[in-house]
Amino acid sequence: MASEPTRPPVETRTITIRGQRLRVAIRKGNGTRTPLLLMNGIGVNLEVLQPFVDALDPAIEVIRFDVPGTGGSPAPLIPYRPSTHARLVAQMLDQFGYQQVDVLGISWGGGLAQQFAFQYPDRCRKLILVSTGTGALMVPGQPSALLKIAIPQRYQDPAHMARIAGEIYGGKVRKQPTLAREFAHIAYVGSVPGYFSQMLSAAGWTSIFWLHKLRQPTLILHGDDDPLVPSVNAKIMHRLIPHSKLYLFHDGHLGLGTSAQELAPVVDQFLSAPVSSLTGDTMRVTKRL
């Protein structure tokens, strides 16, 4: 029987930036690829992204962090605006000596990724947006699903998470309860105030008026069964972002993890392609399985 490939080591540490503690995990690469910075969804810790990280080419250095208020990063006294979150991320990169990174953001983290790419264009080489939208001005998800994520009970009660995961996240977790239970036991909320701090930070924020100014080659990944963020939002962003490519896959809001074996090669192909080959009309291609 073939032995399981050895995973690259991950270093986890807590740093402090202007009084704000951040828990950061870095999987070392081999130095041949641009580091990839991952920005997570609302209320969840960096461990939730592990299945996707494991599926990525080990040559890629991967940076993850707990957003203030989640995991091991305490909530700020006053909720940060997205621009403040983006500045905090830039300062985090400074501490570790990263001048430029590729950025992938999922759900809430997709909004932060857009803000970072817009605010610090020279520090973001390529942008990947997963299961996300344009913020306050977007096509809303199903009311029943949105109501269930208004409070963080699902992260505090794994049994509750397992019961409602299919309805709120869609995709594979609808028919595979094991996936919902696995997610429930990995995900945990940092604190209730931290969860609401994240929600408040995005109140009123939208990228829709400046997405056309993004100059980074952008890959948009979206599941076709996403109750929280309907896939039409991905199509809107594809129209607005000049150098963008849209890839629709058969899964839901958690597809980056539950379909990691499919999506990691798509991400790797996008990241490894020369920047010059990812601009212009050739980027405007929609793929479906």
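Keep in mind the model is a prediction, meaning the values are calculated, not measured.
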A.B. asks: Is the backbone of Gly135 close enough, under 3.5 Å, to the side chain of Thr206 for a donor and an acceptor to pair up by distance?
C.D. replies: no
A.B. asks: Taking everything shown except Arg21 itself, do over 12 heavy atoms lie less than 6.0 Å from its CZ?
C.D. replies: no
A.B. asks: With a cut-off of under 6.0 Å to the ring centre and 45° to the axis, is Lys126 in cation-pi contact with Phe270?
C.D. replies: yes
A.B. asks: Could you report the tightest heavy-atom contact between Gly171 and Asp225, atom names first, then the distance?
C.D. replies: N-OD2, 2.8 Å
A.B. asks: Evaluate Leu129 against Ile241 for side-chain contact (heavy atoms from CB on, under 4.5 Å), listing each step before the verdict.
C.D. replies: CA-CA 11 Å; Leu129 303 174; Ile241 301 174; 3.9 Å; yes
A.B. asks: Answer yes if Leu146 and Ile42 sit in the same cluster of Ile, Leu, Val, Met, Phe, Trp and Tyr residues linked by side chain heavy atoms under 4.5 Å apart, and no otherwise.
C.D. replies: yes
A.B. asks: If you draw a 6.0 Å radius around CD in Gln261, do more than 12 non-hydrogen atoms from other residues or ligands fall strictly inside?
C.D. replies: no
A.B. asks: If hydrophobic clusters are built by linking Ile, Leu, Val, Met, Phe, Trp and Tyr wherever their side-chain heavy atoms come under 4.5 Å apart, do Val44 and Val10 end up in the same one?
C.D. replies: no
A.B. asks: Please answer whether the main-chain N or O of Arg23 pairs with a side-chain N or O of Asp66 as donor and acceptor at a distance below 3.5 Å.
C.D. replies: no
A.B. asks: Are Leu112 and Trp210 in one and the same hydrophobic cluster, where Ile, Leu, Val, Met, Phe, Trp and Tyr link if side-chain heavy atoms are under 4.5 Å apart?
C.D. replies: yes
A.B. asks: For Trp108 together with His85, are the ring centres under 6.0 Å from each other?
C.D. replies: yes
A.B. asks: Please evaluate residues Met237 and Ser244 with respect to the criterion side-chain contact (heavy atoms from CB on, under 4.5 Å), reporting the C-alpha separation (whole Å), side-chain torsions for both, the decisive distance (0.1 Å), and the verdict.
C.D. replies: CA-CA 8 Å; Met237 291 191 300; Ser244 64; over 6 Å; no
A.B. asks: Give a yes or no on whether the backbone of Gln216 and the side-chain of Thr218 come within a donor-acceptor separation of less than 3.5 Å.
C.D. replies: yes
A.B. asks: Is the backbone of Tyr188 close enough, under 3.5 Å, to the side chain of Asn45 for a donor and an acceptor to pair up by distance?
C.D. replies: yes
A.B. asks: How long is the span from the CZ atom in Phe65 to the OG1 atom in Thr14, to the nearest 0.5 Å?
C.D. replies: 13.5 Å
A.B. asks: Which heavy-atom pair separates Thr132 from Val229 by the least distance, and what is that distance?
C.D. replies: O-CG1, 3.5 Å
A.B. asks: Determine whether Pro79 and Phe196 make a side-chain contact, defined as any pair of heavy atoms from C-beta on separated by less than 4.5 Å.
C.D. replies: no
A.B. asks: Could I get the full list of salt bridge (charged side-chain N to carboxylate O under 4.0 Å, His left out) partners for Arg123, not counting sequence neighbours?
C.D. replies: Asp94
A.B. asks: Write out all pairs satisfying side-chain hydrogen bond (donor to acceptor under 3.5 Å, both in side chains) with one or both partners inside residues 189-201, taking only residues at least two apart or from two chains.
C.D. replies: Arg154-Tyr195
A.B. asks: For the backbone of Leu271 and the side chain of Arg125, can you confirm whether one donor and one acceptor N or O come within less than 3.5 Å of each other?
C.D. replies: yes
A.B. asks: Do Gln119 and Arg87 have a side chain donor and acceptor closer than 3.5 Å?
C.D. replies: no
A.B. asks: Under the 3.5 angstrom rule, does the side chain of Asp251 hit a backbone N or O of Gly223 as a donor-acceptor pair?
C.D. replies: no
A.B. asks: Do Asp102 and Ile128 make a side-chain contact, defined as non-hydrogen atoms from C-beta onward lying under 4.5 Å apart?
C.D. replies: no
A.B. asks: Counting only N and O atoms by type, is there a donor-acceptor contact under 3.5 Å from the side chain of Gln20 to the main-chain atoms of Ser73?
C.D. replies: no
A.B. asks: Does the pair Arg215/Asp122 count as a salt bridge with the N-to-O cut at 4.0 Å?
C.D. replies: yes
A.B. asks: How many angstroms lie between atom CD of Gln269 and atom NZ of Lys245, to the nearest 0.5 angstrom?
C.D. replies: 5.5 Å
A.B. asks: Which atom names give the shortest non-hydrogen contact between Asn30 and Arg33, and what distance separates them?
C.D. replies: OD1-N, 4.3 Å
A.B. asks: Going only through I, L, V, M, F, W and Y residues with side-chain contacts under 4.5 Å, is there a path from Phe209 to Trp205?
C.D. replies: yes
A.B. asks: Are any side-chain N or O atoms of Glu61 and backbone N or O atoms of Pro35, one a donor and one an acceptor, separated by less than 3.5 Å?
C.D. replies: no
A.B. asks: Of all the heavy-atom pairs spanning Asp226 and Leu228, show the shortest one and how long it is.
C.D. replies: OD1-N, 3.0 Å
A.B. asks: What do you reckon, are the aromatic ring centroids of Phe183 and Tyr169 less than 6.0 Å apart?
C.D. replies: yes
A.B. asks: Quick check: is Val232 connected to Leu211 through a chain of hydrophobic side chains (ILVMFWY, heavy atoms under 4.5 Å apart)?
C.D. replies: yes
A.B. asks: Kindly determine whether Ile26 and Arg13 satisfy side-chain contact (heavy atoms from CB on, under 4.5 Å), including the steps that lead there.
C.D. replies: CA-CA 9 Å; Ile26 298 176; Arg13 56 185 287 198; over 6 Å; no
A.B. asks: Nearest 0.5 angstrom please: Ser131 OG to Phe249 CZ, how far?
C.D. replies: 4.5 Å
A.B. asks: Roughly how far, to the nearest 0.5 Å, is CD1 of Ile208 from CG of Leu137?
C.D. replies: 5.5 Å
A.B. asks: When you measure from the side chain of Gln99 to the backbone of Leu93, do you find a donor-acceptor pair of N or O atoms at a distance under 3.5 Å?
C.D. replies: no
A.B. asks: If you take all heavy atoms of Pro158 and Ala184, which pair is closest and at what distance?
C.D. replies: O-CB, 3.6 Å
A.B. asks: How far does NE2 of His160 sit from OH of Tyr155, to the nearest 0.5 angstrom?
C.D. replies: 11.0 Å
A.B. asks: Report the C-alpha separation of Leu248 and Lys235 in whole Å, then their side-chain angles, then the decisive distance to 0.1 Å, and conclude whether the side-chain contact (heavy atoms from CB on, under 4.5 Å) test is met.
C.D. replies: CA-CA 10 Å; Leu248 295 176; Lys235 297 174 183 178; 4.0 Å; yes
A.B. asks: Quick one: pull up CD1 in Ile186 and CG in Leu46 and give me the separation to the nearest 0.5 Å.
C.D. replies: 11.5 Å
A.B. asks: Kindly indicate whether the side chain of Tyr98, heavy atoms from C-beta on, has any atom under 4.5 Å from the side chain of Leu37.
C.D. replies: no
A.B. asks: How close do Gly204 and Arg81 get, counting heavy atoms only, and between which atoms?
C.D. replies: C-NH2, 4.5 Å
A.B. asks: Hey, does the side chain of Gln95 reach the backbone of Thr16 with a donor-acceptor pair shorter than 3.5 angstrom?
C.D. replies: yes
